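Notes follow once the structure below has been shown.
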Amino acid sequence: MVNVTDGYGSSILGYPRIGPHRELKRALEAYWRGAIPRAELLAVGRDIQERQFNELAATGLTQVPGNTFSFYDHVLDNALLFGAVPKRFEQYRDELDPLDFYFLMARGNPDVPPLELVRFFGTNYHYRQPELDADSEFSLHPEALLDEFDRAKERGIELRPVVLGPLSLLLLSKAGQIPGQDEFDTLKLLDKLLPAYEQLFEILAKRGSTCVQLDEPAFTSERTPAELAAFEAAYQRLSKAPLRPRMLVTGQYGDFGEALRILAASNVEAIGLDLSSYRITPEDLAEIPGIRRKRLYAGVISGQNVWRADRHVTLEYLNRLAQVCPDLVVSTGTTLLHVPYDLLIEYDILGNVADRLAFAKQKVGEVVSLAKALTDGPSESWRKRPTEVHFKQKHAVRQRVYAVTPEMRTREPYSVRRTAQQAKLNLPPVPATTLGSFPQTNKIRQARYELGQGRLSFDDYKKRIEAEIEATIRLQEDIGLDVLVHGEHERNDMIQYFAELLDGFATTHFGWVQVYGSRCVRPPIIYGDVSRPAPMSVEWISYAQSLTDKPVKGMVTGPVTMLARSFVRQDLPLHETADQVALAIRDELADLEKAGIVIIQVDEPALREMLPLRPTGRAEYLRWAVGAFRLATSGVKPETQIHTHIGYSGRAEVVEAIEELDCDVTAIVATRSIEWVVKALKADSGTDHGLSHGVGPGVYESRSARIPDIDELDELLTAAAEAITPDRLWANPDGGLKTRHYWQLEPSLRNLVAAARRVRRRALENE
């Protein structure tokens, strides 16, 4: 252990990995389309790694994390580190280069779907979910990890390798079912997996590693006694490994709960707490037996928001913590993967807002500065407090929120609306549609760039967008979709587009954050009261509707998703900000309805994402989240059909919340998780009620390049149709199609339409 007289340590738990200028994104996409060789992609990855550990070491951090780079996803990397390859991919292992085999698991091919894409602990990041079954075996493959460790060591930098902990690796994996065997619990594989960790520890120790970081984010969620017992047994065993580095076990994304007590009583040397998400009092920490002899990585700097910490308040808290845990390391609460790289390259954020922001580079500076102040006392520069943000307040917005009544969150009964909508729309059973976006062509991206640079007039830009919209409408008519979309060609991103048109939001030019693989977004920043100065989507949707006799859906992002995908202000309760956004959306829906749009989709894919990881607070969250959605959507007429799109969740309380949204049609991600959707559709599903309104189980995976065949889609739709009447069933992909190519999209949608017509025909024959 470090002698405290030498000073308190400083570290972070991870760092962005796409490159400061999205170098990795560009290299990946060039490689996937065959424009650059493998060697060039590998060189880009190597350069990002080396620049990162060199720059972090130069900041003054006393410990630098390693093995945080990934070509696609770190959870998939960890699965392959321990040889967890599903059987359906094994046949390709000898045929492909290791990197191409890795991308096969992440992206699939026409014959094999990729690993499922799953949201990561309430963040906007998605991981590829490993698949395990009772016959799974593990083997260690540490070549990439060791190569980076050795390259850094040659430069005099010792990296602390970051590895997903064994319990989280198993709990984050999907349990495969072997025919004829009982339902499988992935934790049954723990005894098979731990020897591979012990082997890795021995190799690292012999390499000169003094510390390894094991991330166990699964234990910031509610866990069963059996899972906690497995956690305790695993770390008792690993801590007794005959040759190993010191172990740092982190609990990122929330309250480490009972896992903290287990680790404090074990021989694990160091524990990392996300104190930015869940701030335990020093007095409560002192009550945990064994904690005083541990090295505590105090995660006081948030890795999930961009607001600068109050350094005076934080330093006072750290001083109190140091009385309990003298061996203290100032750290981030989570990896910095979820925030942009550098605030200083932004030039268009309001000054008094920018003064209170910190992106990844600035957060590293905060960690180092706090550690120095904890050791030596505050420097002269600390005398000046940071500029206070005067959050933009609008009296009219506040008054409008306070004037909301329960009646404003209520529509006519679904039975009344359904009759009115059937008369208005006259849709067939199992209507086929998509969920909004179509591919963003290079021509459209270039037009948007030229408009921003002032090299293209808005009139000329409008003509280009309208041409793209018309092409999208004609394609959908030719494919045979029953309800069309305009394609969202005018939108760079579903969140940023609306954020740029709403008051109270700030947007960035270079604040890119990785979502998965090469997919990046620029989350906006909510800094003030939110209102809508003018209609945001009416012009584009109305133009699309003028081109066809088929209904065209209006497409709007819901209030909860606007919050979940933004960096939210901290001076106002979330529920009040959600209602402000909901009222702005309510106004947009009213204008769409006046323009003759009869179907409006209000997307809420983030409803499940913001659900608290532990039971405490879930009911209250769902109360205000559902209330915000209903406030946004309850101002329309009965004949206006409201759709929404949500992410996967088998949780009973979320299924109940979906029903409480009172949406006319709900599209749900169900590509390879149809079972829970079918269960939720049934009235005897074990919840108070099943999903009684229209449902569109997403049966075509929009994020995969794979083209599903008709029989596969027919099977999934038939399973759903057996649970409800076909007139409540919709056929749709599980998400937008923005990232697809037209050569992938067109045959997939034609197969979707053909499968829907099969189910429709059988339903009509059985009447």
Side-chain angles (χ1 to χ4, degrees), residues 13-19 22-29 31-32 41-42 44-45 48-49 52 65-86 88-89 96 98-109 112-132 141-145 148 161-165 168-174 213-218 252-253 303-304 334-339 512-521 609 647-648 669 671-672 701-706 735 739:
L13 301 187
Y15 205 65
R17 61 201 185 204
I18 55 173
R22 292 187 295 159
E23 295 91 334
L24 181 61
K25 171 187 172 65
R26 295 187 177 90
L28 281 171
E29 293 175 355
Y31 179 69
W32 291 337
L41 174 60
L42 292 171
V44 170
I48 291 172
Q49 282 181 316
Q52 178 174 308
N67 197 42
T68 62
F69 174 79
S70 175
F71 278 108
Y72 195 99
D73 165 47
H74 63 281
V75 178
L76 175 56
D77 293 352
N78 279 272
L80 288 175
L81 172 63
F82 296 105
V85 176
R88 60 195 177 92
F89 293 103
L96 298 173
L99 186 62
D100 292 332
F101 182 69
Y102 171 78
F103 288 139
L104 173 67
M105 294 178 66
R107 306 180 73 231
N109 69 18
V112 59
L115 298 175
E116 193 161 352
L117 200 61
V118 179
R119 187 76 54 173
F120 194 70
F121 292 100
T123 70
N124 198 25
Y125 182 77
H126 296 67
Y127 73 97
R128 286 292 176 183
Q129 188 175 38
E131 296 172 7
L132 301 171
H141 304 274
E143 294 78 15
L145 183 155
E148 184 195 30
V162 178
V163 181
L164 189 62
S168 290
L169 178 57
L170 296 176
L171 289 169
L172 291 175
S173 296
K174 187 174 184 177
Q213 176 180 323
L214 299 173
D215 293 337
E216 290 285 7
Q252 303 182 42
Y253 307 106
Q304 297 185 78
T334 69
T335 171
L336 296 177
L337 173 67
H338 311 296
V339 297
W512 296 102
V513 175
Q514 184 183 28
V515 177
Y516 64 89
S518 67
R519 174 84 169 119
C520 304
V521 297
E609 295 165 25
Y648 164 80
V669 175
T671 317
R672 276 172 284 131
E701 186 173 5
S702 61
R703 293 186 178 96
S704 171
R706 180 174 173 271
T739 61

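A quick note: this is a predicted structure, and the numbers were derived from the prediction, not measured. Scope of the values below: all heavy atoms of this structure, side chains included, with no hydrogens, waters or symmetry mates.
Residues V112 and F89 share a closest heavy-atom pair of CG2-CE2, 3.8 Å. In plain terms, the two heavy atoms of L76 and M105 that are nearest each other are CD1-CE, 3.9 Å. Considering all non-hydrogen atoms of both residues, L337 and Q514 come closest at CD1-OE1, 3.6 Å. Contact detail for P114 and R107: the closest heavy-atom pair is CB-C, 3.5 Å. Taking every heavy atom of both residues into account, L164 and P217 meet most closely at CD1-CD, 4.1 Å. Here the shortest heavy-atom pairing between S702 and T739 reads O-OG1, 4.1 Å.
A side-chain donor-acceptor contact under 3.5 Å links E216 to the backbone of S168. Put simply, the side chain of Q129 gets close to the backbone of L172: a donor and an acceptor are under 3.5 Å apart.
A distance of 4.0 Å separates CZ in R22 from CH2 in W512, rounded to the nearest 0.5 Å. The distance from atom CG of N78 to atom CZ of F82, rounded to the nearest 0.5 Å, is 6.5 Å. The CD atom of Q252 sits 5.0 Å away from atom CG of L13, with the distance rounded to the nearest 0.5 Å.
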Discussion item. The test is side chain to side chain contact (heavy atoms under 4.5 Å, CB included); show your working for I18 and E23 and say whether it passes.
Written reply: CA-CA 6 Å; I18 55 173; E23 295 91 334; over 6 Å; no
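Side chains of Y127 and D77: a donor-acceptor N/O pair is absent below 3.5 angstrom, by distance only.
Aromatic ring pairs are classed by plane angle as parallel below 30°, tilted from 30° to 60° and perpendicular above 60°; the pair Y72 and Y102 is perpendicular.
Residues passing the side chain to side chain contact (heavy atoms under 4.5 Å, CB included) test with A84 are A79, L132, F138, sequence neighbours excluded. Under the rule for a salt bridge (charged side-chain N to carboxylate O under 4.0 Å, His left out), the partners of R119 that lie at least two apart in sequence or sit in another chain are E609. E29 is linked by a side chain to side chain donor-acceptor pair (under 3.5 Å) to K25, S518, counting only residues two or more places apart in sequence or in another chain. By the side chain to side chain contact (heavy atoms under 4.5 Å, CB included) test, V162 is found to be paired with P65, T68, Q213, D215, residues two or more places apart in sequence or in another chain being considered. Residues forming a side chain to side chain contact (heavy atoms under 4.5 Å, CB included) with T123 (at least two apart in sequence, or on another chain): F120, Y125, Y253, Q304, H338. By the side chain to side chain contact (heavy atoms under 4.5 Å, CB included) test, V515 is found to be paired with N124, H126, R519, V521, residues two or more places apart in sequence or in another chain being considered.
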